[in-house]
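Below is one structure; the comments refer to it alone.
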Protein chains: 2
Amino acid sequence: MNRYKGQLRILVAVDCIIFGFDGKDLKVLLIQRGFEPEKNKWSLMGGFLEANENLDEAANRILKQLTGLEDIYMEQIHAFSKVDRDVAERAVSVSYFALIDIARYEKQISYDYHAEWFLINEKPDLIFDHDEMVELARKQLQFKAAIQPILFELLPENFTISQLQNLYEGVYKTTFDKRNFIRKLMSTGLLIKLEVKDKSGSRKGAYLYKLDKRKYNAKLDVFFNYIHDRSELAQQN
Amino acid sequence: MNRYKGQLRILVAVDCIIFGFDGKDLKVLLIQRGFEPEKNKWSLMGGFLEANENLDEAANRILKQLTGLEDIYMEQIHAFSKVDRDVAERAVSVSYFALIDIARYEKQISYDYHAEWFLINEKPDLIFDHDEMVELARKQLQFKAAIQPILFELLPENFTISQLQNLYEGVYKTTFDKRNFIRKLMSTGLLIKLEVKDKSGSRKGAYLYKLDKRKYNAKLDVFFNYIHDRSELAQQN
DNA sequence: CCAAAAGTGTTTATACTACACCCATGA
DNA sequence: TCATGGGTGTAGTATAAACACTTTTGG
C-alpha cells in the first residue's frame, strides 16, 4: 500500500446542530464544553472522526452520546476549514443538522454534557466558528423545509395544526394565514385527521393529525426529481 | 497551545467537478491520473489541503492548476468519507463544483494532466468514489439552477436564446417549449437584448443577449430569502 | 357569559401550460 | 426556392393570496 508522502494530516471533526421543537418554539441544543481549550464555554456537540467510521456514522455516534437517540433525521451541511478555526490545532469540521421532538426525548438527554435548549434567537455566543455553523444550518433548514416535508421530524407522532403552523412560523420567522396554511398542507395528502382532540391548548380542543408515513417516505425519495415528472408525483398517491 | 491527544489525523482532499458548456452540450472535465495509486485511470482533478489554506482556497488552487482560471464560480458540495474510499490511505475528500464556459477558456487548460471534456452521460468510470461525486454534483447543479440563475456562469458573455435553452435542457435532460422558456427567462429581468446577431448557428441569425450583471448580483444575494419578501425582489429592479 | 383558540369559503390575481404558424436568409 | 433555425401570441387551467366571521367550552 502506497502512502501519500509529505502531505498534511489533520484532525477531522463533526459538529451537530440539533434542532428541537416543543410545540411552540424552535430551539437548538447546546452544551457547555467540558474540556480545554475553551472549557465551560457554550458550544455545539461535536467530536473527532475515528478510524473505523465515516462522517455520517461519527455524527450519529455523537448525537447518541448526548441524547441517547438513534435513527434520527440527520444531514450533512458543510465542511468548515478556516486555518485557525480551532485555537488548539488545525482541524476541519463537518457540520450536521439533526431534527428531534423535544417533548418526547427530553428525559433521555445526557446531563454529563450540561446540555440546554435555547431559543434560536436567544442563544449565547459559541466557540470557534459554531455561530456560523448554526446560522448556515438554519438557512439550510429553511431551504430544505420549503421543498421537502422534513419538519415533521420535529413533531410528536400526533400533533395539532396550530403546532405545525407554529413550527413553520418559527423556522421562517414569519406568520401565515391559517386558512391558506392548512389548505396547502392538506393538499400534500400527507396528513391524516384523527378522531381525537387535544384539549391542552384551548377550551374547545383541536383535532390531532398524524403523518401518512407511506406517502411521506415516497415523497422523500422523489426529492431531486421535482423538475420533471410532476405527473409521477401526482400519480403516486 | 493545547493539542488534542490520541486522536486520528488524516489527509483532507479536495476534488473538483468542473462543468463546462460549449453552446450545445453539458460536459465535465476529467484527467488521467499521473501518479500512483490508480495511475492512468480517469479521475476528477484534486489535491490535498495544505497548511496555509482553507478548503475554498484549495479548490481554487486546484482549479487554477488545471485550467489556468481564477475567479470562477465554485461551490462546496459534500464531504466524502468512506473508510476505504482511497486505496492508499485514509482520506476525507470534499467535493466542489465549478462552472466554466468551454469555448472561452479551452486554450488555457493545462495538458500536463491529460485533461479531456466528456459528455456527462458518456464519461468513463472514475477512480475511488468520484462517480458518486459527479452524480451528486449534477443533482446539486439541477437543484441550484432551478432557484438561482447560476447557469449563466457556463455561458460566454454574449449568447443566444437557443444556446441558453440547450444548456437548461442539457442540465435537466429534457426539452422545453421555446415560447414558454423565453417568456420565463425574460420575466426575471436578467437578460439584455443586444443589437448584434450571431450568424454562426443559422442563416437568419439569432439575437445575442447578455446578463444584467447588476441585477444578477443582487439576485444571488437574495437567494435564501426566497420564502418571504418576494415583494423585495420585485422592488429591487 | 365571555375570553381564547379552533375552524371554515370565496374572490382575485398571478403563474404555468399547451399549442402552430410565419420570417429571414444563404446556399 | 427551399431547408433551417429564429421568432412570436393566446386561451385555459392551476396555484397562491387576501380577507372575517362563527363555534366551542372551561372558568
Side-chain angles (χ1 to χ4, degrees), chain A residues 22-25 145-147 149 158-170 172 174-209 226-235 237, chain B residues 22-25 146-147 149 155 158-170 172 174-210 225-235 237:
Chain A
D22 61 7
K24 204 90 176 90
D25 296 300
I147 50 169
N158 301 333
F159 49 85
T160 66
I161 295 297
S162 52
Q163 285 175 330
L164 188 58
Q165 186 167 349
N166 281 338
L167 173 55
Y168 274 87
E169 291 182 345
Y172 292 109
T174 186
T175 56
F176 298 107
D177 178 276
K178 61 182 174 176
R179 284 163 295 187
N180 292 337
F181 182 80
I182 193 178
R183 185 183 302 121
K184 195 158 163 184
L185 263 292
M186 282 302 166
S187 77
T188 63
L190 290 174
L191 295 186
I192 299 172
K193 187 176 187 170
L194 305 175
E195 296 304 305
V196 204
K197 279 193 163 188
D198 171 276
K199 311 272 279 188
S200 67
S202 70
R203 321 222 153 145
K204 185 178 177 182
Y207 281 105
L208 288 166
Y209 290 75
Y226 72 110
I227 287 279
H228 331 99
D229 304 327
R230 291 192 208 245
S231 52
E232 280 183 22
L233 263 172
Q235 286 163 21
N237 67 350
Chain B
D22 60 7
K24 204 91 177 83
D25 296 299
I147 48 168
L155 292 166
N158 301 334
F159 48 86
T160 66
I161 295 296
S162 52
Q163 285 175 330
L164 187 58
Q165 186 166 351
N166 281 339
L167 174 53
Y168 273 86
E169 291 182 345
Y172 293 109
T174 186
T175 56
F176 299 108
D177 177 276
K178 62 181 174 176
R179 282 164 295 186
N180 293 337
F181 182 80
I182 192 177
R183 184 183 303 122
K184 195 158 163 185
L185 263 292
M186 282 302 167
S187 76
T188 63
L190 290 173
L191 295 185
I192 299 172
K193 187 176 187 169
L194 304 176
E195 297 303 306
V196 204
K197 280 192 164 191
D198 170 276
K199 312 272 279 188
S200 67
S202 70
R203 321 214 157 163
K204 183 179 177 181
Y207 281 104
L208 288 167
Y209 290 74
K210 68 173 186 180
N225 305 326
Y226 70 110
I227 288 279
H228 332 99
D229 305 329
R230 290 192 208 246
S231 52
E232 281 183 21
L233 263 172
Q235 284 162 23
N237 63 349

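Protein chains get the first letters and strands the later ones, always in sequence-line order, with residue 1 at the start of each.
The nucleotide whose nearest atom lies closest to any side-chain atom of B/R203 is, among C/dA20, C/dA27, D/dG27, C/dA27.
The aromatic ring centres of B/Y168 and B/F181 sit less than 6.0 Å apart.
The side chain of B/K199 contributes an N or O atom lying less than 4.0 Å from OP1 or OP2 of C/dG26. For the OP1/OP2 pair of D/dG5 and a distance below 4.0 Å, the side-chain nitrogens and oxygens of B/S162 include no atom meeting the criterion.
Within 6.0 Å of atom NZ in B/K197, more than 12 heavy atoms from other residues, nucleotides or ligands are found, so the atom counts as buried in its surroundings.
Taking the nucleotide of DNA chain D with the nearest heavy atom to each of B/R183 and B/K197, the more 5' of the two is matched to B/K197. Nearer the 5' end of DNA chain C, as judged by each residue's closest nucleotide, is the contact made by A/S202, out of A/S202 and A/R179.
Side-chain atoms of A/N180 come within donor-acceptor range of the base of D/dA18, with a qualifying N/O pair under 3.5 Å. At a cut-off of 3.5 angstrom, the base of D/dG7 holds no donor-acceptor pair with the side chain of B/K204.
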Assess the residue pair A/D177 and A/R179 against the criterion (salt bridge (Lys or Arg N to Asp or Glu O under 4.0 Å)); give the C-alpha distance rounded to whole Å, side-chain angles, the decisive distance to 0.1 Å, and a yes or no.
CA-CA 6 Å; A/D177 178 276; A/R179 284 163 295 187; 3.5 Å; yes
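Atom CD1 of A/I182 is separated from atom C1' of D/dA17 by 17 Å (rounded to the nearest Å). Across the protein-nucleic acid pair, A/D177 atom CG and C/dA6 atom P stand 14 Å apart, rounded to whole Å. Across the protein-nucleic acid pair, A/M186 atom CE and C/dT8 atom P stand 9 Å apart, rounded to whole Å. Atoms CG (B/L185) and C1' (C/dC16) sit 15 Å apart, rounded to a whole Å. One can place CZ of B/F181 at 17 Å from C1' of C/dA18, the figure rounded to the nearest angstrom. Atoms CZ (B/F176) and P (C/dT17) sit 10 Å apart, rounded to a whole Å. The CD atom of A/E169 sits 14 Å away from the C1' atom of C/dA5 (whole-angstrom rounding). As rounded to whole Å, 18 Å separates atom P of D/dG5 from atom CG of B/L164.
When every heavy atom of B/Y209 is checked against every heavy atom of B/L191, the shortest pair comes out as CD2-CB, 4.2 Å.
Counting heavy atoms from C-beta outward, A/N158 and A/V196 have side chains that stay 4.5 Å or more apart.
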